[in-house]
Amino acid sequence: MDYKIADLSLAPGGRAKMDWAWRSMPVLNALKARYAALQPLKGVKLSACLHLEAKTACLLRTFKELGAEVRAAGSNPLSTQDDICAALVDTGVSVFSRHAMSGEEYRRYLRDTLAFGPSVIVDDGADLVATVLSDMKELIPAVKGASEETTSGVKRLKAMERQGILPFAVISVNDAHSKYLFDNRYGTGQSVWDGFMRTTNILVAGKTVVIAGYGWCGRGAAMRARALGARVIVTELDPHRAFEAVMDGNELMTMAQAAPLGDIFLTFTGNTHVIRAEHFQLMKDNAIMGNAGHFDVEINKHELAALAVKHELARANIETFTLPDGRRLNLLGEGRLVNLACGDGHPIEIMDLSFALQLESALYVNEHGRALEAGLMDVPEEIDAAVMETKLASMGLSLERMTDEQRAYMADWRED
Ligand code: NAI
């Protein structure tokens, strides 16, 4: 089996992390139990590009246990955990990744992950699909379809769809109710603060926190910041989301207005250079910045480096840039996803839902293949609802069911 990882001897530590995660993944456990005997992915070549930590490893192992031949790349150099890569290789998954790999290695590993000609692609950020379309077009005929995990990946795929170059169906797992209502809001909301606190050891209560972007992720992080006792300022482009932020109890400002006030700055926009030189010039000494958007472009770290007279590693994952006037500005995790670069990513139970959707989507794509219309598609509603119901059942919770009288009443009402 082909693989390229840092150190296979790290496998026991990685396996222990995976076993711990697996205990809190009731939905994926239930799906595995349902499909194990059927082996629905038998003989299927599946390429995945995911953050290689314990929870994604459980998904990859499940693909393998349901019969697939699996190759995996890490979707971010800093989120790849070397012990997890080793544990995956140990369970028979071909992994091509290592922590802190260079950009050139990253791209090479994407190609290695695709080299065996997959029929199913599982993406997080659309890098695999983009690589197939740009560098490995010869693989296109064998690909039945793909699924995409995150908002920024979906944006890239929409651009490909608009250009008319997406040759197969890609299921937008991100847009399923079971995903964005929980993963982006509660998952990012908690894990960003987990990554922040364990990396900085700084008290959040009493601090002024600036949240850029009040989408699903920003809302969750703002909600948790308020609960931790922070004063929260939000910056937004969209008037409705901006007003929603105000109605939720946050203050609304432009980044230029917020820059001199913030102790902690976190970006959640999916946009570029949201915090840049003009803002660095206004910030307080020792302000801390982190990004939770998918790409490391939201904080302009090149401008920050250019402004600085001194650059040092203050502590693992905290870079301090000293400006000519002596102010020190801190950047977490090189401006990459702070919850993954500085922590373990989303809580396990949240990823259980997203990965149940990923598993069902991979099965769906494998079953229907090119019969599906090329382009982005939603997770089929019945899959989305079934995942949520499995989750509720795992918690011992039941849904209300309509009585016959209610069904008749609602049907009458609909006809009116
Ligand atoms: P979203 O589209 O719901 O929200 C983004 C918000 O940012 C929008 O309301 C938009 O108007 C606003 N925005 C855009 N440019 C801005 C600017 N210059 N200043 C202020 N606001 C601006 O997206 P969502 O789902 O909240 O995701 C945001 C980012 O987080 C994406 O890159 C996504 O891929 C990523 N993500 C990260 C996760 C993590 O684990 N860290 C998990 C899920 C998503």
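Just follow the structure's listing: the first ligand is 1, and inside any ligand the first atom is 1.
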*Going by an N to O cut-off under 4.0 Å, is there a salt bridge joining E319 and K301?*
no
*asked:* Quick test of your reading of the model: are R219 and D248 salt-bridged, counting only N-O distances below 4.0 Å?
replied: no
*Evaluate salt bridge (charged side-chain N to carboxylate O under 4.0 Å, His left out) for D296 paired with R336, printing each intermediate quantity in order.*
CA-CA 5 Å; D296 60 341; R336 299 180 192 277; 3.4 Å; yes
*asked:* Counting only heavy atoms not in E381 (residues, nucleotides, ligands), do more than 12 fall under 6.0 Å from its CD?
replied: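 Atom CD in E381 is not crowded, with 12 or fewer foreign heavy atoms closer than 6.0 Å.
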_Taking atom CD as the centre, does E373 end up with more than 12 heavy-atom neighbours from other residues, nucleotides or ligands that are less than 6.0 angstrom away?_
no
Report all N/O contacts between ligand 1 and the protein shorter than 3.5 Å as a table of atom names and distances to 0.1 Å; if there are none, say 'none'.
| residue | atom | partner | partner atom | Å |
| --- | --- | --- | --- | --- |
| ligand 1 | 3 (O) | W216 | N | 3.4 |
| ligand 1 | 3 (O) | R241 | NH1 | 3.0 |
| ligand 1 | 4 (O) | R241 | NH1 | 3.3 |
| ligand 1 | 9 (O) | E236 | OE2 | 2.4 |
| ligand 1 | 9 (O) | R241 | NH1 | 2.9 |
| ligand 1 | 11 (O) | E236 | OE1 | 2.8 |
| ligand 1 | 15 (N) | N271 | ND2 | 3.0 |
| ligand 1 | 25 (O) | T151 | OG1 | 3.0 |
| ligand 1 | 25 (O) | N184 | ND2 | 2.8 |
| ligand 1 | 26 (O) | W216 | N | 3.1 |
| ligand 1 | 26 (O) | C217 | N | 2.9 |
| ligand 1 | 32 (O) | S152 | OG | 2.7 |
| ligand 1 | 32 (O) | H294 | N | 3.0 |
| ligand 1 | 34 (O) | T150 | OG1 | 2.9 |
| ligand 1 | 34 (O) | S152 | N | 3.0 |
| ligand 1 | 34 (O) | S152 | OG | 3.2 |
| ligand 1 | 40 (O) | N339 | ND2 | 2.8 |
| ligand 1 | 41 (N) | A292 | O | 2.9 |
| ligand 1 | 41 (N) | N339 | OD1 | 3.0 |
| ligand 1 | 41 (N) | N339 | ND2 | 3.3 |

_Can you classify the ring geometry of Y364 versus H368 as parallel (below 30°), tilted (30 to 60°) or perpendicular (above 60°)?_
tilted
